[in-house]
Amino acid sequence: MDYVTVAQKDELQPNERMVVQVGRRWVAIFNVEGTFYAIEDVCTHDDGPLAEGELTGCIIECPRHGATFDIRTGKVLSAPAMVDVKRFDVRVEGSAIQVMPR
Ligand code: FES
């Protein structure tokens, strides 16, 4: 498995997020002050669209019932979700944002 290009860097400015498809998964990519993070765009509680949630620093709040996750690690931080969300390795190669499928 190798990294796949999902966007160009200038398409995702600092403090923006976007959702891309990587294989069969929907992946939310965040640019936090110039650093990129990627997690699955599916809340582990009830499939809420995490990219539509409120982001505070590196903590995303699910828009559906308010569970929070650390987008750097995928770790769940508060209920009602109990399970970590999938996190993806993401890198910038030249002008391309790339994600490692999993
Ligand atoms: S779907 Fe995310 S907290 Fe319920």
Side-chain angles (χ1 to χ4, degrees):
M1 203 73 87
D2 205 357
Y3 281 89
V4 295
T5 296
V6 294
Q8 296 301 307
K9 206 172 144 193
D10 59 9
E11 295 176 291
L12 190 59
Q13 298 298 316
N15 307 316
E16 291 182 352
R17 76 277 302 260
M18 70 192 314
V19 178
V20 298
Q21 195 166 11
V22 179
R24 286 176 307 176
R25 296 189 192 282
W26 291 102
V27 178
I29 302 179
F30 299 84
N31 179 341
V32 181
E33 319 261 355
T35 301
F36 294 89
Y37 302 99
I39 58 172
E40 191 166 23
D41 188 34
V42 180
C43 180
T44 56
H45 175 238
D46 192 24
D47 299 343
L50 292 176
E52 294 177 19
E54 182 111 9
L55 185 69
T56 305
C58 287
I59 310 303
I60 192 79
E61 180 178 336
C62 178
R64 198 161 284 174
H65 312 106
T68 54
F69 299 87
D70 188 327
I71 64 170
R72 295 168 294 192
T73 60
K75 287 265 177 242
V76 61
L77 301 175
S78 67
M82 304 295 284
V83 176
D84 297 345
V85 69
K86 281 189 177 56
R87 163 204 166 273
F88 295 79
D89 288 328
V90 56
R91 71 180 185 186
V92 175
E93 276 290 294
S95 61
I97 302 171
Q98 299 185 322
V99 170
M100 174 65 82
R102 50 173 290 185

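One-based numbering, in listed order, for ligands and for the atoms of each.
- Note that CZ of Phe36 and CG of Asn31 are 4.0 Å apart. Values are rounded to the nearest 0.5 Å.
- With waters left out, the protein N, O or S atoms under 2.8 Å from atom 2 (Fe) of ligand 1 add up to 2.
- Scanning for salt bridge (charged side-chain N to carboxylate O under 4.0 Å, His left out) contacts around Asp46 gives an empty result, with sequence neighbours left out.
- Atom CD of Gln21 sits in a crowded spot, with more than 12 heavy atoms from other residues, nucleotides or ligands closer than 6.0 Å.
- Applying the side chain to side chain contact (heavy atoms under 4.5 Å, CB included) criterion to Val32, with sequence neighbours excluded, gives Phe30, Tyr37, Leu55, Cys58, Ile71.
- With sequence neighbours excluded, no residue forms a salt bridge (charged side-chain N to carboxylate O under 4.0 Å, His left out) with Arg91.
- For the residue pair Glu61 / Thr68, no side-chain donor-acceptor distance below 3.5 Å is found, with atom types taken as modelled.
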